[in-house]
Amino acid sequence: MRRVSIFGATGSIGQNTIDLIDRNPSAYNVVALTGGANIEKLAEDARRLNADLAVTAHEDRLDDLRSALCGSNVEAAAGQTALTEAAARPADWVMSAIVGAAGLPPGIEALKQGATLALANKETLVCAGSLVLETASAHNARLLPVDSEHSAVFQALVGEDMEAVERIIITASGGAFRDWPIGDLANATVEQASNHPNWNMGQRITIDSASMFNKALEVIETKEFFGVDADQIEVLVHPESIVHALVGFNDGAVMAHMGAPDMRHAIGFALHWPDRRDLPVDRLNLARLGQLRFHEPDEARYPALRLARNVMERGGLSGAVFNAAKERALDHFINRQIGFLEMADIVEAVLDRFEAADGLIDAPMNLDNVLQTDHLARKWADAAVIQKAG
Ligand code: NDP
């Protein structure tokens with residue numbers, strides 16, 4: 001039996017992963033499931049899948065989790081340390097689907113015990129790319145992409161020589177506001193930004209799709225994951241979300257990966273890799289679709305893409321700064337303290353402040369420095385919001 005753990009089990013990716021495991025439960029021994037506030041769902045799944053351990057990220061919810069698991073054989077734990085300890089439990093395959101930089105420490109721990117890490121949590125590579133890749137290599141652990149674009153690139157590269165790769169093109173749906181006049185974006189509401197035209201995802205990534213901060217993170221993730229230069233990565237807006245990524249080779253050939261917009265494809269690919277297995281996703285009918293459209297993104301509409309390019313050029317810990325400032329800006333937007341377009345202003349202000357502070361971005365990349373940088377960037381993002389309000 002394959003030992004699997006799912007971090008972020010109660011979320012959108014976590015539930016899609018459980019859906020696949022539920023279809024063949026006798027093949028898996030579930031080591032750990034983790035969640036946050038949704039104790040009921042966590043306990044229900046942990047009982048049904050007969051998990052060894054269930055962990056909530058919230059220390060003060062331990063009693064609730066214990067009560068919800070009462071009478072089962074599932075062990076309960078709570079808090080950030082418990083999450084990292086859960087990741088240290090031997091498992092063959094670990095899904096990293098916590099949202100945000102909180103996914104980084106358990107991801108590193110899972111790599112240290114030599115697991116295959118299925119990486120939905122793009123923040124892991126954005127915040128600490130070289131550290132994560134070095135940890136994987138030192139412990140003979142494997143990283144597999146779960147973001148649909150990166151899974152698509154990975155699949156297009158099977159059997160190919162990286163030396164022959166000229167460029168990687170990742171597609172973007174354009175998010176909730178792709179057809180809005182730019183002049184209306186300043187007044188976009190949280191509800192409007194939370195309504196994705198093609199994908200059914202968690203609220204945070206859905207809003208990040210509308211602002212293209214999600215794509216910005218993915219561009220950085222592409223650079224780290226595939227080891228290409230920033231100028232080899234392109235973004236194309238593709239409203240149908242059928243082509244997830246394309247790889248261009250030095251003979252002019254372009255390999256495109258297509259599939260219905262359903263995350264169970266990328267999750268299933270990572271779960272069964274190196275095999276391909278039957279998956280419960282819609283089959284494409286291109287004749288019915290009739291057309292696939294592509295156009296270049298307008299950076300005036302999506303300043304996050306420009307900021308991502310700056311981050312890739314700057315290197316060091318700037319990815320951790322970018323992500324943390326983005327996470328706080330998103331919190332402030334969701335709490336209705338700033339407008340939709342102000343998120344990018346806050347992130348840029350924090351990046352500039354780090355740049356002006358000698359040595360911070362160029363500190364050595366280790367977990368402590370990444371976490372300290374993340375902490376400071378959040379504080380400075382909060383300060384920038386207060387300054388804007390004043
Ligand atoms: P969701 O918001 O749906 O789920 C997030 C999960 O993380 C939940 O289990 C949540 O628990 C848990 N969580 C939240 N905060 C913390 C914390 N501080 N510490 C530990 N656990 C926490 O997110 P998604 O599933 O949409 O996304 C997860 C990751 O996958 C993100 O990095 C996202 O960018 C990436 N991704 C998602 C895609 C999608 O289709 N959804 C596509 C590609 C990548 P609870 O809900 O119980 O509070």
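Start at 1 and go down the list; that is how both ligands and their atoms are numbered. The chain is numbered in sequence order, starting from 1.
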Tell me: protein heavy atom nearest atom 10 (C) of ligand 1, and distance?
T10 OG1, 3.9 Å
Compute the shortest N/O to N/O distance between A37 and ligand 1 and return yes if it is under 3.5 Å, no if not.
yes
The single option from F177, Y302, F213 that satisfies ring-ring contact (aromatic ring centres under 6.0 Å, His included) with F340 is F177
Which ligand 1 atoms, with their elements, are less than 4.0 angstrom from a heavy-atom of A120?
30 (O), 32 (O), 35 (C), 36 (N), 44 (C)
Heavy atom of the protein closest to atom 36 (N) of ligand 1 (residue, atom name, distance)
I205 CD1, 3.6 Å
Non-hydrogen atoms of L83 versus ligand 1: any pair closer than 4.0 Å?
yes
Using distance alone, determine whether N200 and ligand 1 share an N or O pair under 3.5 Å.
no
Note the single closest protein heavy atom to atom 25 (O) of ligand 1, along with its residue, its atom name and the distance in Å.
I13 N, 2.9 Å
Distance-only N or O hit between ligand 1 and S148, under 3.5 Å:
no
So, does G14 sit close enough to ligand 1 that a heavy atom of it is under 4.0 Å from the ligand?
no
What is the closest protein heavy atom to atom 22 (C) of ligand 1, and at what distance does it sit?
I98 CG2, 3.7 Å
Atom 20 (C) of ligand 1: the protein heavy-atom neighbour that sits closest, reported with distance to 0.1 Å
A57 CB, 3.3 Å
Starting from atom 11 (O) of ligand 1, what is the nearest protein heavy atom, named by residue and atom, and what distance separates them?
G36 N, 2.9 Å
Can you tell me if Q15 uses its side chain to pair, donor with acceptor, with the backbone of S12 under 3.5 Å?
no
Does even one non-hydrogen atom of E123 get within less than 4.0 Å of ligand 1?
yes
Considering only heavy atoms of G11, which atoms of ligand 1 have at least one such atom less than 4.0 Å away?
1 (P), 3 (O), 4 (O), 8 (C), 9 (O), 25 (O)
Any N or O on D147 sitting closer than 3.5 Å to an N or O of ligand 1?
no
Going by atom types alone, do K122 and N323 pair a side-chain donor with an acceptor below 3.5 Å?
no
Ligand 1 contacted by Q15 (non-hydrogen, < 4.0 Å)
no
